[in-house]
Structure formats: C-alpha cells, structure tokens
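Side chains included, hydrogens not; waters and symmetry mates left out as well; all remaining heavy atoms used. Chain naming here is simple, since letters A, B, ... match the order of the sequence lines and numbering starts at 1 in each.
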Amino acid sequence: MEISSKYNPKEVEGKILLQWLETGSFNAQVRSDKKPFSIVIPPPNITGILHMGHALNNTLQDVLIRYRRMQGYEALWMPGTDHAGIATQNVVEKDLAKQNLRKEDIGREEFTARLWAWTDKYGSTILEQLKKLGASCDWRRIRFTLDNEYNEAIKEAFVRLYEKGLIYRGNYIINWCPRCKTALSDEEAVRKEIDGWLYYIKYPVSDVERSTLNVQRYVVVATTRPETMLGDTAIAVHPQDERFAWLKNATVTLPIMERQLRVIEDEIIDMAFGTGVVKVTPSHDPVDFALGKKHNLDFINIMHQDATLNEHAGEFSGMDRFKAREAIVALLEEKKLIEKKEPYKIAAGHCYRCHTIIEPRVSLQWFVKMKPLAEAAITVVEEDKIRFYPARWKKVYLNWMYNIQDWCISRQIWWGHRLPVYYCKQCTTTLELKTQSAIVGEVKKGIVVSKEKPQRCPDCGSIDLVQDNDVLDTWFSSWLWPFATFYWPNFRGQKPEAGSQMDDKKELEYFYPTAVLITASEILFFWVARMIMAGLEFKKEIPFREVLIHGTVRDERGIKMSKSLGNIIDPLVIIDKFGTDALRFSLMLLAASGSDIYLSDEKFLVGRNFANKIWNATRFILLKIKESQVVLDTLDVEDPDVLDRWLLKELSGTIREVDISFDEYRINDATKKIYDFFWHTFCDWYIEMIKEDFNLRRAKMLLRVLVDSVKLLHPVMPFITEEVFGLIKRSCGAQLEPMLVCSRWPQTVIVAEDEPLAKLTMLIETVKELRNIKIDLGLAQKKVILEVKADSGIVAQWKMHETWIRRLAFLERIDYKEHIERTICKNDLWELNLAIEGADIKNFIASLDKKIKSLESVLEKVTQRLGNEHFLKNASEETVQQEQLKFQEVKRQLQRFKELKDAFK
RNA sequence: GGGCGUAUAGCUCAGUUGGUUAGAGCGCUGCGUUCACAUCGCAGAGGUCUCUGGUUCGAUUCCAGAUACGCCCACCA
C-alpha cells in the first residue's frame with residue numbers, strides 16, 4: 001500500500017464521514033449500563049450558512065461529545081434547526097420582491113406555502129455543512145422548531161403560563177420595526193449610537209396673564225425627535241425645579257398643532273439635561289408612556305405601521321417620519337420657534353433583523369410576566385447548580401435577571417407558531433381594540449386561550465370564533481429546546497422511528513438535564529436565560545448543568561467578522577484549502593477559554609502542518625514495520641526498555657493533563673498538550689532515537705503510542721485520526737477496535753522513576769548541550785569525535801544508547817577514555833571532550849561568558865534572598881529549602897562554566 | 001450613567017493558591033536535505049510582564065488609582 005507523502009484531506013473526509021454515518025456511530029439511546037452525556041445544539045437558523053462562528057461553536061461541542069463518547073458515556077448530541085421567524089420571512093419576501101410581489105399580494109396562505117417550499121429546499125443546508133465539519137450529532141433525531149410535535153410543546157407552554165396568569169394581553173408601548181411591521185422584544189431592539197441633533201423648540205405659554213406677568217412668553221424643550229411633537233399631550237418639569245415654579249398649573253400651546261398642553265411635574269425629569277423641560281409624547285416614547293399612564297394624559301398615535309405619519313399628524317399626514325422631521329424643523333425655523341440645535345449622539349434601537357430604526361409604539365400585544373419565572377432561575381445560578389465558564393458570566397446573567405422586564409412575545413408576521421388564542425366575535429370588541437390606541441393597559445375580555453379551537457364561546461355560546469393572527473417570537477420556541485426536542489409533552493408513544501424503537505419519555509428522563517450548553521455570549525439573554533426559566537417552569541429541573549461561553553470570531557484587526565463588512569473567512573473555503581481537521585485544530589488551539597479569537601488565513605497553517613506531521617509519522621511507522629517484516633499479533637509491549645518506558649511516562653503525563661484540561665473546558669490547553677507530545681516528544685525524540693534500533697518490540701511501541709495519540713487527537717481532528725486508525729488496522733495483524741470514533745479513551749500507566757530513566761533524561765540533556773556547543777564552536781555541520789570520561793557503569797549506559805546519541809548529536813564516533821585532554825561539557829556523572837580542529841574558540845568562549853554573566857546575576861539574587869533574615873523568618877520552610885537548592889545548583893553550574901572557560905586559556 | 005473584561009516577545013496567546021534563570025506558536029536570523037515529513041530538522045535573537053502607589057521578606061501574580069482598548073446593560077428626552 002502506497003501512502004502519499006502529503007496528507008490529502010479531500011480523499012479522506014468524505015469517505016470517513018460516510019463510514020461514521022453508515023455504522024450509526026453517532027447514535028445514542030437509553031442505556032442503563034452507561035452514564036448519559038448530552039448536549040443540545042444551539043439550533044442554527046434555517047436561513048443560515050456555515051460561518052466561522054458556527055465552526056467554532058460546533059467544533060467545541062463536537063470535541064466534548066467525542067471525548068465523552070470515547071470515555072464510555074452514552075453521548076447524545078441533539079441536532080436541529082430554528083425556523084427563525086423574521087429572518088426567514090425576510091429572505092422569502094426578498095425572493096418575492098424579485099417578481100415584483102409583496103406578501104400581501106399573494107395572501108397569508110400562499111406566502112406560508114412558499115415559506116415551506118423554501119424551507120424544504122434550503123432549510124437543511126446548514127445541517128449538511130455541519131456534517132461536513134464532522135459534527136457527530138445523532139442525525140436521526142433532527143428537530144425543527146416548526147414541526148407539528150414541537151408546536152404542541154409551544155401551545156402547552158403558552159396555555160400553562162396563561163392559566164397561571166403569567167401571560168397577558170395589553171396595550172403597551174413596545175419596540176416596533178416599521179420595515180418588518182412587527183413588534184419586537186427589548187432584546188431584539190439593538191441599541192446603536194447614531195449621529196443626530198438635539199433641537200431646542202419653543203412652546204408658547206398660553207396663559208396670557210401669566211406670560212405677561214413673567215418675562216417668559218414660551219418655554220423651551222429639547223428633543224432629538226421633533227416629529228413626535230405632533231403627538232405631545234403635555235410638557236413636564238421636575239417638581240423641585242425652581243426655575244419652572246412659575247409654570248405650575250399653566251398650559252402651553254403645542255406649535256403647529258396648536259393644541260393646549262398641561263404642564264405636569266415628575267421626579268423622573270432630569271433637571272440637568274437639556275432645558276429641564278420635557279415634551280411628553282405618551283404614544284411614542286417609553287418614558288413618556290409611563291408618564292402618560294401616571295398622569296392620565298391623552299395618548300395620540302401619529303404614525304401608521306410603516307412609520308409614515310397618520311391622520312393625527314395634520315398637514316404632515318402621509319409623510320415618512322424622517323421626511324416629516326425635516327419638514328417640521330423647517331416650519332419651526334420659519335416660525336422662529338427653534339432656539340438652537342446641537343449635534344447629539346442618540347442611542348437608538350435598531351431592528352436586529354433588518355437594522356431599521358425602531359419606532360416605539362403603543363400597541364396591543366401579548367406579554368410574559370418575567371419576574372415570577374426569574375426567581376427560580378436566579379436561585380439555581382446563585383447556588384451554582386448551573387455554572388458558567390468563564391465564571392464571570394454568572395454576574396452578567398444575574399444582573400440581567402435581577403432587572404428583568406416583561407417579554408413581548410407576539411409578532412405581526414406570518415412565519416411561526418400562531419398564538420393558541422381565540423376571540424369570540426359576538427361578545428367581545430377586543431379585535432377592534434387594536435385600532436383604539438387610546439385604550440391602554442391589560443386587556444382580558446373576550447379571549448379564549450386553548451390548545452385546540454374551542455367549539456363555542458364559553459360566555460355566549462357563539463360558534464363565531466377566530467384565532468389570533470399573530471405568531472410567537474421565535475425565542476418562545478427556542479426556550480423549550482432542551483426538552484421539546486424529546487417530544488415533550490405528548491411524546492410519540494412507541495412508534496418505531498427511523499428504524500429504531502425509542503421511548504421518548506424515557507429518553508427525556510435519561511438525557512435531561514443536559515450536561516453543558518455551549519454558546520456565544522450574544523444569546524445569553526435571548527436564549528440561555530430563558531431556557532433556564534423554561535426548564536425550571538415546565539420540567540421543574542435545570543436544563544443543563546454548565547454553560548460554556550466562547551468568544552467572538554474576529555478578523556486580524558480585531559473587527560467582528562460579518563458578511564456586511566466583507567471581512568469573513570469562510571470555513572468552507574478553509575476546509576477546501578487546508579482540510580476540516582486543520583480548521584478544527586487551529587480553532588481549538590486559538591480558542592482560549594472565553595476570549596475572542598483573531599483569525600487570518602495563515603492561522604490555519606498550524607493545523608494543516610500538524611495534520612501533515614501526523615500523516616508522515618504514520619507513514620514512516622507503517623513503512624518501517626513493513627520493511628522489517630515484523631509480525632504483530634498484539635500491541636502489548638511486554639518488556640519495555642528504558643526508552644520505551646520514558647515514552648510511556650511522557651504519554652501518561654499527557655493523557656492526565658489532557659483529561660484535566662478537557663474536564664475544565666480548557667480545550668485549547670488540551671489541544672496544545674497533545675500537539676506538543678506528538679510532535680516534540682514522540683516524533684522529534686522517540687522516533688529519532690529508535691530509528692536504528694528497530695525490532696518487534698519497537699514496532700509495537702510505535703503503534704501503541706500512535707494509536708493512543710490518534711485517540712487523544714480524535715475529538716479535535718476526527719477525520720485524519722480515523723483514517724490513520726484504519727491504516728493501522730489494515731496493515732498489522734493486531735486486534736483493534738472497529739473504529740476510532742467509538743474506541744476506548746487512552747488510559748494512563750504507571751512508570752517507575754528508576755535510575756536508568758533518570759540517566760536517560762541526563763543523556764537527552766547532554767545531547768541538547770552538545771548540539772549547542774557544536775553550534776557555538778561553529779561545528780554544527782561537522783561530524784566530530786566525542787570523548788567520554790566516566791565510571792565503567794556509566795560507560796555501559798552510554799554504550800547502550802550510543803547509536804541514537806551519535807545520530808542526534810551528529811557525531812563521528814564516541815571514544816571512552818580514562819583521561820581526556822580537555823573538558824568541554826560535564827555534569828556529576830561524566831566529562832566530555834570534542835575533537836575541535838578548526839573550531840571557533842572565540843565564539844565558544846563568548847557564549848560561555850554570556851552564560852556565566854547571566855548565572856552570576858541569578859546567584860546574586862539568590863544570595864541576597866538567603867542573606868535576608870526577614871526572608872528566612874517569614875518564608876515557608878519549603879520555599880527556603882527550594883531557594884537553598886537553587887543556590888547550590890546555580891553555583892555548581894557557574895563553577896562548571898568557569899572551569900570550561902579556564903580549560904581554553 | 002451602571003456593570004464587566006483585557007493590557008506579558010513584532011503578532012496571537014500560556015503563565016494554575018505571590019518565590020520560575022517568565023514560556024509556546026507564528027514571524028525574523030543562522031545552519032542543515034543524515035533512509036517519514038522543507039506542510040521538515042537543529043539552534044538563535046527578541047520582554048524594566050502598560051504606568052503609579054500600597055500590602056509583603058518578596059508582586060507579572062494580591063489591593064487601590066491612572067491610562068488605553070473592548071464588551072454588556074440603561075427611560076437624559
């Protein structure tokens with residue numbers, strides 16, 4: 001069998017993926033003999049295409065799942081997608097626009113049909129890409145938030161919350177996207193600073209008597225949104241503001257509209273801001289809304305749904321809000337009612353889907369009361385029943401939960417779950433309430449909340465019932481994900497599904513709570529916090545024990561990668577250029593716990609190079625075995641020599657550290673440890689050492705360590721390791737597990753620290769020293785003779801290791817002598833000399849001087865410390881001892897270097 | 001305005017309860033094709049650990065402040 005000298009991922013990945021899928025290696029089921037380990041995927045939007053953030057997030061999950069699977073857990077990674085209400089609707093609307101159609105032109109039914117058609121065609125693209133990434137999900141279980149069974153879960157949750165009084169309907173001010181024409185939750189209105197103006201507008205005082213008594217004929221209010229003045233129904237000042245004491249009980253005239261406005265007083269007004277006088281627009285500003293309710297003001301809605309001005313806007317009716325702003329400012333300027341304007345940064349809410357500036361709007365919507373749900377969700381985190389990694393997110397989470405606001409869950413779009421709400425046309429007028437924006441507050445009358453459409457109205461018996469047209473916020477489905485994916489609450493009975501018999505209820509009991517949730521910080525509030533609330537509310541148990549929050553993927557300059565900025569690195573392109581394992585390895589190496597990662601194409605070279613290293617080490621080992629024609633029946637090494645034991649010790653240490661790192665979610669550390677061991681310990685030393693001392697035992701050792709190495713690496717680089725494992729299986733007779741993906745995780749072995757092992761370590765050090773000395777002497781490329789002076793026992797050790805020492809220190813030969821002319825390198829056990837004809841003695845001395853100088857400064861520091869009585873008194877005995885040892889060691893080294901220098905005089 | 005985070009080699013980052021001769025990868029420099037790999041090997045240069053105080057026998061590490069950058073939340077219109 002020929003093995004190419006370059007690893008070619010393209011020849012391997014597709015084939016290996018198919019093997020995994022065909023053997024059902026990713027499948028998980030209830031198994032009483034195994035502990036479960038489960039993760040639910042953060043369901044990607046069906047509109048999604050794989051980006052670097054997905055690659056990072058899903059590789060992390062896959063690493064943990066593969067690690068636990070190999071450790072013997074029944075590892076389930078639940079896959080699925082999110083219907084992504086607004087996002088998907090926008091995509092299909094855009095398609096429609098190409099045919100010059102709006103969704104209203106074709107109607108709800110037809111539009112929904114097109115949405116489903118789109119979903120069928122493109123909805124699983126992202127899942128196919130995740131497979132390509134190597135994601136070892138149980139792909140039989142793919143769930144979609146718009147599945148029928150999933151819809152049942154949502155209805156159940158809605159009805160339960162409603163019956164508990166935790167869902168209500170009411171006219172409140174909400175975030176309105178005039179482009180998507182829907183309400184949004186607070187989280188969906190992203191604050192971004194934009195450049196604007198603060199306009200100072202004069203409002204004439206109407207009370208003539210008062211205005212003549214006082215000098216002022218008008219008051220000045222400051223606003224960033226002058227167009228909203230058309231909906232003003234009051235002005236407000238702080239009750240303690242003496243500057244405006246004279247305004248008490250006065251009325252002012254709203255310019256343009258010529259409406260009389262009350263002057264109200266409220267503590268909420270900041271006397272220091274603007275002029276201290278605020279225009280109050282209860283229908284178009286959250287603060288003003290609260291003021292309006294508190295002071296019983298009129299609510300005048302001046303805008304249509306698309307943010308053009310409506311009939312209440314007088315002459316500006318029909319104009320867009322920003323055009324109207326310009327027109328109003330112009331008119332006010334003409335009337336000399338603008339005192340001044342200042343440039344001003346406005347933190348305006350933007351629609352998180354289409355980035356349009358949010359318009360606060362009073363509207364009849366459905367809300368979830370969050371405070372009661374938050375209580376338990378706060379406790380479990382306070383008490384560390386759910387832990388965050390890194391831990392600092394605990395504070396962020398709690399801070400948000402302590403200040404949680406009610407959640408607006410109704411959306412005026414067509415793609416999503418219809419609210420399980422029905423209205424009786426006969427006995428209620430609630431439907432009309434939608435247009436009566438003046439009615440503010442909670443609305444309960446004439447509503448039937450039910451999973452199924454009621455036969456008749458419970459009040460009047462009418463059969464004329466209609467379902468609410470709105471759909472639910474996408475996140476109202478996502479928050480049920482950890483248990484709704486198991487077909488909660490109805491389950492499926494005992495139907496065989498995709499060739500396997502699953503008892504859904506048992507599945508849920510077995511796999512829930514899940515082990516860990518892995519996500520980016522962006523959706524901590526959207527999703528993580530709400531899942532915790534939903535889990536506790538509906539399952540009476542936390543949904544996951546740990547939350548791993550990883551960083552954001554940025555470009556080289558530290559700017560967040562985004563399609564619109566054009567600075568993305570496409571993971572699929574990286575896969576194509578360097579291979580999936582290279583992508584995964586580099587990401588895992590760079591993803592320090594919780595910190596953002598800065599990417600450029602070159603960052604993936606580490607991964608590619610490492611894959612190639614693994615490939616070539618395998619190639620060498622297999623060739624060597626084939627050449628030597630040894631026959632392997634087992635990989636058990638019965639009688640390891642000191643080199644073997646040295647390697648086994650290093651391997652065990654690596655396994656231990658890798659385990660700890662993975663357990664603590666320090667995946668980058670684990671990745672680094674395996675890399676160092678494989679490349680530098682195994683390849684650079686062991687393989688080089690045994691090249692000319694090859695036999696059956698070595699062959700077993702090489703394969704044994706190679707197998708353990710690829711096992712350790714498998715979670716991070718699944719494809720190449722599985723391929724290598726296959727190559728090993730096919731080319732040796734030893735009994736090995738069927739596939740790496742389901743193989744047993746490596747175990748540590750105990751290796752005694754005996755004399756020969758200690759001497760080996762010294763020999764390795766000596767080889768490194770010899771390399772250095774040769775370079776200092778300018779003899780790097782010359783094979784020279786080494787002379788060794790040592791006791792006969794030590795000489796025997798040297799002779800045993802002579803072959804590899806000669807090779808690795810690049811020596812002509814080694815002579816053992818009673819007497820050497822000069823010592824060029826020494827330790828407690830041996831003195832060495834090199835034949836140094838033509839050497840650069842000056843450079844060698846200079847290098848010695850440098851070492852001597854640096855050691856002297858260390859010695860000085862240590863001496864000082866040991867001479868300090870405070871140190872001796874206060875430092876721990878152990879520390880003092882350590883310091884004394886260091887003193888001896890440094891002194892000895894120094895002595896040696898000085899002697900060496902003297903020998904060259 | 002409130003909260004959080006980061007600052008270590010040219011770049012990206014490690015540095016585990018204060019005591020290290022402060023590390024790695026990439027990049028750079030020199031040498032090297034000795035029968036896996038030049039996607040390689042051997043070695044080297046490069047750091048007053050952002051600054052200022054404090055605690056301590058001792059601070060890159062703990063505390064306070066400053067500076068810079070970043071993130072999140074928030075009803076200064």
Across the strands shown, which category fits A:E769 at heavy-atom distances under 4.0 angstrom: base, sugar-phosphate, nothing? nothing
Looking at every strand, decide which applies to A:R225 at a 4.0 Å heavy-atom threshold: base, sugar-phosphate, or nothing. nothing
Any luck finding a side-chain donor-acceptor pair between A:Q893 and A:E889 under 3.5 Å? yes
Sticking with atom P, work out how far B:U52 lies from B:A14, rounded to a whole angstrom. 25 Å
For A:Y344, answer base if it contacts any base atom (sugar-phosphate contacts may also be present), sugar-phosphate if it contacts only those atoms, and nothing otherwise; contact means non-hydrogen atoms under 4.0 Å. sugar-phosphate
Within the modelled atom types, does a donor on one side and an acceptor on the other bring the side chain of A:E688 and the base of B:A36 under 3.5 Å apart? yes
Base, sugar-phosphate alone, or nothing: which one does A:K672 contact when heavy atoms must sit under 4.0 Å apart? sugar-phosphate
Roughly how far apart, to the nearest Å, are B:U29 and B:G46 at atom C1'? 11 Å
Could you work out the separation of B:G65 and B:G5 based on their P atoms and round it to a whole Å? 13 Å
Donor-acceptor pair (no angle test) under 3.5 Å: A:E664 side chain, B:U16 base: no
Starting the side chain at C-beta, find the nucleotide from B:A77, B:C37, B:C4 nearest to A:S5. B:C37
Contact class for A:D676 (heavy atom, under 4.0 Å): base, sugar-phosphate, or nothing? nothing
Pairwise distance NZ(A:K873) to CG(A:N868) - rounded to 0.5 angstrom: 9.5 Å
Is it true that the side chains of A:N8 and A:E11 contain a donor and an acceptor less than 3.5 Å apart? yes
Quick one: label A:T224 by what it contacts on the DNA or RNA (base, sugar-phosphate, nothing), any heavy atom closer than 4.0 Å. sugar-phosphate
Please work out if A:E602 contacts a base, only the sugar-phosphate, or nothing of the nucleic acid, heavy-atom cut-off 4.0 Å. nothing
Give each stem of RNA chain B as a range with a range, requiring at least 3 consecutive Watson-Crick or G-U wobble pairs whose two distances are under 3.5 Å. B:1-7 with B:67-73, B:10-13 with B:23-26, B:28-32 with B:40-44, B:50-54 with B:62-66
Using heavy atoms to find the nearest nucleotide of RNA chain B for A:K861 and A:I597 separately, return the residue whose nucleotide is more 5′. A:I597
Could you check whether A:L605 gets within reach of a base, just the sugar-phosphate, or nothing at all, counting any heavy atom under 4.0 Å? nothing
Phosphate OP1/OP2 of B:A36 contacted by A:K691 side-chain N/O (<4.0 Å): yes
Return no unless some side-chain N or O of A:N772 is found under 4.0 Å from OP1 or OP2 of B:G44. yes
Given that A:G276 and A:Q893 both sit by RNA chain B, which one's nearest nucleotide is further toward the 5' end? A:Q893
So, is A:N874 near the phosphate of B:C57, with a side-chain N or O under 4.0 Å from OP1 or OP2? yes
Can you figure out which of B:U39, B:C72, B:U20 approaches the side chain of A:F525 most closely? B:C72
Does the base of B:A14 carry an N or O that pairs as donor and acceptor with the side chain of A:K673 under 3.5 Å? no
What does A:L524 touch in the nucleic acid at a heavy-atom separation under 4.0 angstrom: a base, only the sugar-phosphate, or nothing? nothing
Give me the ring orientation class for A:W400 and A:F525: parallel if the planes are under 30° apart, tilted from 30 to 60°, perpendicular past 60°. parallel
Tell me what A:R619 touches on the nucleic acid: a base, only sugar-phosphate, or nothing, going by heavy atoms under 4.0 Å. sugar-phosphate
Taking the six-membered ring for Trp, are A:F388 and A:Y397 parallel (under 30°), tilted (30 to 60°) or perpendicular (over 60°)? tilted
Among side-chain atoms of A:T228 and A:K279, is any donor-acceptor pair under 3.5 angstrom? yes
Describe the nucleic acid contact of A:N868 in one word from base, sugar-phosphate, nothing, applying a heavy-atom distance below 4.0 Å. sugar-phosphate
Once the angle between the rings of A:Y675 and A:W679 is folded into 0 to 90°, is it parallel (under 30°), tilted (30 to 60°) or perpendicular (over 60°)? tilted
Of the listed nucleotides B:C13, B:G30, B:C35, the one nearest the side chain of A:I775: B:G30
Can you check whether A:R771 has a side-chain N or O nearer than 4.0 Å to OP1 or OP2 of B:A43? yes
Using atom C1' of each nucleotide, how far apart are B:C73 and B:C49 to the nearest Å? 33 Å
In terms of side-chain heavy atoms of A:V606, which of B:C75, B:A43, B:G25 is nearest? B:G25
At what distance, to the nearest 0.5 angstrom, does CD1 of A:I720 lie from CG of A:L727? 9.5 Å
Donor-acceptor pair under 3.5 Å, A:K613 side chain vs B:C37 base: yes
Which part of the nucleic acid, if any, lies within reach of A:K851 when heavy atoms closer than 4.0 Å are counted: base, sugar-phosphate only, or nothing? nothing
If you compare every side-chain N and O of A:R865 against the phosphate oxygens of B:U20 (OP1, OP2), does one of them come in below 4.0 Å? yes
A:R666 side chain near B:G15 phosphate (N/O to OP1/OP2, under 4.0 Å): no
Whole-Å C1' distance, B:U20 and B:U61: 12 Å
Should the ring pair A:Y389 and A:Y665 be called parallel, tilted or perpendicular, given that the plane angle runs from 0 to 90° and is split at 30 and 60? perpendicular
Do other residues, nucleotides or ligands put more than 12 heavy atoms under 6.0 Å from A:K891 NZ? no
OP1 or OP2 of B:G58 under 4.0 Å from side-chain N/O of A:K873: no
